Peer 1: 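Please see the structure below; I have some questions.
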Amino acid sequence: MSNPLLDFTDLPLFEHIQPEHVGPAVEQLLAEADRALETVTAPDFPSRWDDIARVLDVATERLGRAWGVVGHLNAVADTPELRAAYNAALPKVTDFFTRLGSDERLYAKYKSITPESLREDQKQAHKNAVRNFVLSGAELQGDAKKRFAEIQERSAELTQKFSENALDATDTYAHYATEDELAGVPDDVVQAARAAAEAEGKAGYKVTLKMPSYLPVMQFGHNRPLRERLYRAYVTRASDQGDPKYDNSAIMREILALRQEESRLLGYRNFAEVSLVPKMAQSPDEVIKFLRDLARRARPYAEKDLADMRTFAGERMDIGDPQAWDWPYIAEKLKEERYAFSEQEVKQYFTAPKVLAGLFKIIETVFEVAIRRDYAPVWNPSVEFYRIERGGQLVGQFYLDPAARNGKRGGAWMDDVRARWLRPDDGRRQMPVAHLVCNFAEGVDGKPPLLTHDDVITLFHESGHGLHHMLTQVDERDVSGISGVEWDAVELPSQFMENFCWEWGVLKHMTAHVDTGEPLPRALFDKMLAARNFQSGLGTLRQIEFALFDMLLHTQDDPRADFMPLLQAVRDEVAVIQPPAFNRMAHTFSHIFAGGYAAGYYSYKWAEVLSADAYSAFEETAGNDGMPSVETGRKYRQAILETGGSRPAMESFKAFRGREPTLDALLRHQGMA
């Protein structure tokens with residue numbers, strides 16, 4: 001087969017895919033999907049779930065898988081040629097899925113399917129499908145339907161451009177520092193900066209806005225002017241305060257206006273109401289009340305956090321009037337003094353291979369599976385591939401892409417390559433495959449990469465999403481794994497896994513000093529544990545600030561109004577540290593402008609309530625050695641991970657805990673009880 005994007009025999013042929021393959025593959029798969037749509041919507045085609053799936057779902061799944069591969073490469077291996085190919089195909093793919101979701105003929109077929117004829121998992125998928133048809137404009141007519149389609153296409157273009165501007169504004173910035181400017185910065189970061197400059201034939205040390213470079217300078221760098229320079233560059237990316245060609249301001253206003261128009265077409269007052277239809281939360285007011293209640297509880301702790309830093313900065317650091325670029329540095333120094341350790345000291349024990357082995361050990365122990373290295377074509381030499389087995393049988397597979405590099409979007413995420421599915425065309429059970437993507441620093445001087453404890457937490461977080469996708473036992477594609485799970489519950493398994501990073505029984509198996517091989521000393525772990533909730537009040541308010549801004553932004557009457565006054569109003573209400581007026585955090589807030597979290601960023605805090613309560617079941621049943629109970633792990637796996645989206649998340653939670661969740665465990669875990 002000449003086009004690797006059209007090979008569905010097994011895993012994607014990443015190493016063979018070129019930008020010139022994108023257009024022809026998409027054209028062919030769209031034509032096949034269009035023919036399938038026409039076939040199943042013919043008057044004489046039976047209104048039966050399996051018959052529709054055998055024709056239409058098979059065609060759309062192939063299209064979705066191929067397009068998912070292209071989108072993934074666009075996120076992790078961006079080139080001008082690939083970007084052009086992606087952007088050329090994007091309107092066509094968007095148009096098809098918009099037409100599919102709003103096709104009244106197909107909607108009529110689904111409405112006439114009798115739920116009694118379906119398996120339990122299919123009943124939930126059918127219920128979701130009928131709901132999604134309505135949200136996709138299937139009940140719209142004439143000009144309204146035409147305008148709805150135009151909105152979808154334009155929104156897809158704008159969100160892609162938002163991502164590109166954020167990536168380019170990050171990638172194009174570099175400061176070539178002197179050795180003196182990097183005083184205090186960890187050695188491995190300095191060495192990496194030197195190597196990066198040498199690779200370009202430049203003098204000095206290359207400092208960038210990517211997290212493995214930026215954050216250590218902000219935390220450890222003694223040079224205040226350098227911290228200010230980097231902070232200004234970081235918080236003004238893709239905005240009116242930076243390079244005009246990357247300014248996202250107009251894009252953001254148009255995205256918001258289109259979302260408002262879409263909402264009105266569907267009969268809702270605003271986009272927040274549309275966003276919450278498939279979620280656990282019932283209304284924007286419920287979410288806003290939840291966030292404000294949590295802010296009220298966290299505020300006294302945040303105010304104490306800030307007062308402690310101000311006092312310490314004035315008395316011990318001779319910084320009488322701390323600025324935004326000082327706070328991470330002050331916080332790190334205060335933590336070092338209060339708990340007698342530094343993040344840099346801890347980092348020496350978290351070598352990437354050892355951390356990964358520890359992660360796999362806890363997954364294998366708690367969820368009764370085995371993880372093995374496997375082979376698959378990859379897009380970069382640093383990417384690894386694994387398989388998960390239970391009882392010798394394949395359960396799922398995943399790619400791990402841990403390293404930061406140019407052309408790779410920042411942050412960390414899990415994405416699906418394909419879902420578990422009892423295929424209706426040939427009866428085969430297709431097993432799930434996932435991407436786990438992070439942005440960690442690479443190793444230097446032949447040593448393995450070193451991870452901060454926050455990096456370790458991030459890796460565990462994304463693995464939780466991956467396990468949710470891969471350990472499912474549901475055979476209906478649209479509700480297997482993460483599919484069909486309410487968005488405000490989808491973070492439960494990921495945040496749940498983070499808790500293991502604070503258990504000595506787990507942590508001692510995943511540390512080895514980069515030079516001596518010695519495990520993390522128990523005394524150092526105890527200091528880390530004591531510092532676990534260091535500034536948790538400030539951290540909580542920061543997340544609430546983002547979430548409340550997101551929700552209020554999507555409930556305002558005039559979406560084309562300047563959103564900066566709204567952001568300032570939220571900060572006045574919630575924040576205890578006010579950033580400078582030039583701060584443009586919103587302009588790279590990809591979660592809500594390009595990542596599916598629009599009017600849903602609250603989900604992180606909402607799901608944290610669920611995950612903390614779920615993890616408390618493990619605390620209640622842990623063994624004397626501190627290791628989690630396998631029986632509790634099995635119950636959690638069966639009640640939550642294996643059921644995926646085949647039933648409402650609250651039902652799954654109650655099946656595990658025997659009751660509805662409470663806020664108590666979250667407040668206790670964060671030292672705010």
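These numbers were taken from a predicted model, which means no experiment stands behind them.
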Peer 1: Is there a donor-acceptor contact under 3.5 Å from the side chain of R224 to the main chain of G221?
Peer 2: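 No; judged by distance alone, with no hydrogens or angles, the pair does not exist.
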Peer 1: Just do the side chain to side chain contact (heavy atoms under 4.5 Å, CB included) check on F546 and I592 with the steps written out, would you?
Peer 2: CA-CA 10 Å; F546 292 172; I592 70 169; over 6 Å; no
Peer 1: Mind checking what makes ring pair (Phe, Tyr, Trp, His ring centres under 6.0 Å) contact with Y604, not counting sequence neighbours?
Peer 2: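 Partners of Y604 under the ring pair (Phe, Tyr, Trp, His ring centres under 6.0 Å) test: H591, Y597, Y601.
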Peer 1: Got a donor-acceptor contact below 3.5 angstrom from the D488 side chain to the K279 backbone?
Peer 2: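 Side chain of D488 to backbone of K279: no pair is present.
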Peer 1: Would you say the side chain of W325 lies within less than 4.5 Å of the side chain of V235, judging by non-hydrogen atoms?
Peer 2: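 Not in contact.
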Peer 1: What I'd like to find out is whether the side chain of E608 reaches to under 4.5 Å of the side chain of E491, using heavy atoms alone.
Peer 2: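 The answer is no, as the side chains (C-beta and beyond) never meet within the 4.5 Å cut-off.
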Peer 1: For L230 and Y234, run side chain to side chain contact (heavy atoms under 4.5 Å, CB included): C-alpha distance rounded to whole Å, both residues' side-chain angles, the deciding distance at 0.1 Å, then the answer.
Peer 2: CA-CA 6 Å; L230 288 178; Y234 189 81; 6.0 Å; no
Peer 1: Give a yes-or-no answer on whether the side chains of D455 and T452 include a donor-acceptor pair shorter than 3.5 Å.
Peer 2: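 Yes, side-chain donor-acceptor contact under 3.5 Å.
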Peer 1: How long is the straight-line distance from CZ of R227 back to CD of E181, given to the nearest 0.5 Å?
Peer 2: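 These two atoms lie 12.5 Å from each other.
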Peer 1: Going by distance alone, is a donor N or O of one side chain under 3.5 Å from an acceptor N or O of the other, for Y231 and Q323?
Peer 2: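 Per modelled atom types, Y231 and Q323 side chains form no pair under 3.5 Å.
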Peer 1: Using a strict threshold of under 4.0 Å (side-chain N to carboxylate O), is an ion pair present between E228 and R232?
Peer 2: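 The answer is yes: the pair qualifies as a salt bridge.
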Peer 1: Rounded to the nearest 0.5 Å, what's the gap from CG on N132 to OG on S102? Could you check?
Peer 2: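 The distance works out to 12.5 Å.
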Peer 1: Do F148 and E261 have side chains that approach each other closer than 4.5 Å (heavy atoms only, starting at C-beta)?
Peer 2: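 Heavy-atom side-chain distance check fails, nothing below 4.5 Å.
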Peer 1: Once rounded to the nearest 0.5 Å, what's the spacing between atom CD of E198 and atom NZ of K206?
Peer 2: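 Atom-to-atom, E198:CD and K206:NZ are 13.0 Å apart.
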Peer 1: Report, one line per pair, each donor and acceptor closer than 3.5 Å where one atom sits in a side chain of residues 73-82; sequence neighbours left out.
Peer 2:
from : atom 1 : to  : atom 2 : distance (Å)
D78  : OD2    : R83 : NE     : 3.4
D78  : OD2    : R83 : NH2    : 2.6
T79  : OG1    : L82 : N      : 3.0

Peer 1: Measuring centre to centre across the rings, with the benzene-like ring taken for any Trp, is Y602 within less than 6.0 Å of F290?
Peer 2: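 Between F290 and Y602, which both carry aromatic rings, the centre distance is not below 6.0 Å.
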Peer 1: Under 3.5 Å, is there a donor-acceptor pair between the side chain of T208 and the main chain of S213?
Peer 2: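 Such a contact is absent between T208 side chain and S213 backbone.
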Peer 1: Kindly assign one of parallel, tilted or perpendicular to the pair H72 and H435, based on the angle between their ring planes and the thresholds 30° and 60°.
Peer 2: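 If you compare the ring of H72 with that of H435, the planes turn out parallel.
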Peer 1: Just by distance, do the side chain of N223 and the backbone of L182 share a donor-acceptor pair under 3.5 Å?
Peer 2: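 Here the side-chain-to-backbone pair does not exist.
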Peer 1: Check whether more than 12 heavy atoms from other residues, nucleotides or ligands sit under 6.0 Å from atom CG of D143, and answer yes or no.
Peer 2: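 No, because the 6.0 Å sphere around CG of D143 holds 12 heavy atoms or fewer from other groups.
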Peer 1: Does R269 have more than 12 heavy atoms from other residues, nucleotides or ligands lying within 6.0 Å of its CZ?
Peer 2: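 12 or below, so no.
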Peer 1: Can you list the residues that meet the side chain to side chain donor-acceptor pair (under 3.5 Å) rule with Q344, with sequence neighbours excluded?
Peer 2: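 For Q344, no residue satisfies side chain to side chain donor-acceptor pair (under 3.5 Å) once neighbours in sequence are set aside.
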Peer 1: Go through the steps for Y301 and Q670 under the test side-chain hydrogen bond (donor to acceptor under 3.5 Å, both in side chains), then give the verdict.
Peer 2: CA-CA 10 Å; Y301 297 92; Q670 297 190 342; over 6 Å; no
Peer 1: Considering non-hydrogen atoms only, spot the tightest contact between A441 and P449 and give its length.
Peer 2: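 That closest heavy-atom pairing would be O-CB, 3.4 Å.
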Peer 1: I'd like to check the side chain to side chain donor-acceptor pair (under 3.5 Å) partners of E286; sequence neighbours left out, ordered by chain and number.
Peer 2: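 With sequence neighbours excluded, E286 shows a side chain to side chain donor-acceptor pair (under 3.5 Å) to no residue whatsoever.
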Peer 1: Got a sec, which residues hit side chain to side chain donor-acceptor pair (under 3.5 Å) with R154, two or more places apart in sequence or on another chain?
Peer 2: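 Applying side chain to side chain donor-acceptor pair (under 3.5 Å) to R154 gives E157, E254.
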Peer 1: Do W413 and D415 have side chains that get closer than 4.5 Å, going by heavy atoms?
Peer 2: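 W413 reaches D415 side chain to side chain.
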Peer 1: Are the side chains of L459 and F440 in touch, meaning some heavy atoms are under 4.5 Å apart?
Peer 2: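 In contact.
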Peer 1: What's the spacing between L167 CG and Y246 OH if we round to 0.5 Å?
Peer 2: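 Between L167 CG and Y246 OH, I get 9.5 Å after rounding to 0.5 Å.
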Peer 1: To the nearest 0.5 Å, tell me how far T98 OG1 sits from Q152 CD.
Peer 2: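 Separation between the atoms: 5.0 Å.
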Peer 1: Checking Q578 against Q568: is there a side-chain donor and acceptor pair closer than 3.5 Å?
Peer 2: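 There is such a pair between these side chains.
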Peer 1: I'd like to check D401 versus W379 (side-chain heavy atoms, cut-off strictly below 4.5 Å). Are they in contact?
Peer 2: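 Heavy-atom side-chain distance check passes, below 4.5 Å.
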Peer 1: Using the ring centroid of each side chain, check whether H465 and H461 are separated by less than 6.0 Å.
Peer 2: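 Here the rings of H461 and H465 have centres that are less than 6.0 Å from each other.
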Peer 1: Go through K347 and V189 one step at a time and tell me if the side chain to side chain contact (heavy atoms under 4.5 Å, CB included) criterion holds.
Peer 2: CA-CA 12 Å; K347 182 176 166 183; V189 179; 3.9 Å; yes
Peer 1: Salt bridge check: are K289 and D293 linked by an N-O gap of less than 4.0 Å?
Peer 2: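 So K289 does not pair with D293 through a salt bridge.
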Peer 1: For the residue pair F271 and L256, establish whether any side-chain heavy-atom pair is separated by less than 4.5 Å.
Peer 2: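 Result no, sub-4.5 Å side-chain heavy-atom pair not found.
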Peer 1: Scan for ring-ring contact (aromatic ring centres under 6.0 Å, His included) pairs involving residues 73-102, sequence neighbours excluded, and state none if there are none.
Peer 2: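 The answer is W67-Y86.
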Peer 1: Taking side-chain contact (heavy atoms from CB on, under 4.5 Å) as the definition, give me every residue that meets it alongside E27, ordered by chain and number, with sequence neighbours left out.
Peer 2: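 So E27 forms a side-chain contact (heavy atoms from CB on, under 4.5 Å) with K92.
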Peer 1: Are M309 and I577 packed together at the side-chain level, in the sense that at least one heavy-atom pair is separated by less than 4.5 angstrom?
Peer 2: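 Heavy-atom side-chain distance check passes, below 4.5 Å.
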Peer 1: Considering residues at least two apart in sequence or located in another chain, which fulfil the side chain to side chain donor-acceptor pair (under 3.5 Å) criterion with D285?
Peer 2: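 With neighbours one apart ignored, the set is empty.
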Peer 1: Count the heavy atoms of every other residue, nucleotide or ligand shown that sit under 6.0 Å from CD of E179, and state whether that count exceeds 12.
Peer 2: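 For E179, atom CD is not crowded (no more than 12 foreign heavy atoms under 6.0 Å).
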Peer 1: What residues, two or more places apart in sequence or in another chain, satisfy side-chain contact (heavy atoms from CB on, under 4.5 Å) together with T170?
Peer 2: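 Once residues adjacent in sequence are excluded, the partners of T170 under the side-chain contact (heavy atoms from CB on, under 4.5 Å) criterion are L209, K210, R237.
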Peer 1: Determine yes or no for a side-chain-to-main-chain donor-acceptor pair under 3.5 angstrom, with S239 supplying the side chain and Q241 the backbone.
Peer 2: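 Pair found, side chain donor or acceptor close to backbone of Q241.
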Peer 1: Any salt bridge linking K146 with E150? Criterion: basic side-chain nitrogen under 4.0 Å from a carboxylate oxygen.
Peer 2: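 Looking at E150 together with K146, the answer is yes, because their closest N to O distance falls below 4.0 Å.
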Peer 1: Among all residues two or more places apart in sequence or in another chain, which pass the ring pair (Phe, Tyr, Trp, His ring centres under 6.0 Å) test with H21?
Peer 2: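 H21 satisfies ring pair (Phe, Tyr, Trp, His ring centres under 6.0 Å) with no other residue.
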Peer 1: If you round to the nearest 0.5 Å, how far is CD of Q282 from CD of E273?
Peer 2: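 Those atoms lie 12.5 Å apart.
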Peer 1: Ignoring hydrogens and geometry, is there a side-chain-to-backbone donor-acceptor pair from R299 to V574 under 3.5 Å?
Peer 2: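 Checked: pair present.
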Peer 1: Does a donor on one side chain sit under 3.5 Å from an acceptor on the other, for T178 and D180?
Peer 2: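 Per modelled atom types, T178 and D180 side chains form no pair under 3.5 Å.
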Peer 1: Stepwise, does the side chain to side chain contact (heavy atoms under 4.5 Å, CB included) test hold for E343 with F220?
Peer 2: CA-CA 10 Å; E343 290 290 347; F220 300 100; 3.8 Å; yes
Peer 1: How would you list, by chain and number, every residue that makes a side-chain contact (heavy atoms from CB on, under 4.5 Å) with A272, sequence neighbours excluded?
Peer 2: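 Expected list: N270, P284, M551, H554, T555, A599.
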Peer 1: Do R292 and E573 meet the salt-bridge criterion of a basic N to acidic O distance under 4.0 Å?
Peer 2: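 Counted as a salt bridge, because a side-chain N and a carboxylate O are separated by less than 4.0 Å.
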Peer 1: Nearest heavy-atom pair of D240 and D247: which atoms, and what distance?
Peer 2: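 In this case the closest contact between D240 and D247 is N-OD1, 3.2 Å.
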Peer 1: By ring pair (Phe, Tyr, Trp, His ring centres under 6.0 Å), which residues pair with F563, not counting sequence neighbours?
Peer 2: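 H587.
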Peer 1: Does the D95 side chain pair with the main chain of E153, one donor and one acceptor, at a distance under 3.5 Å?
Peer 2: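 Answer holds: no.
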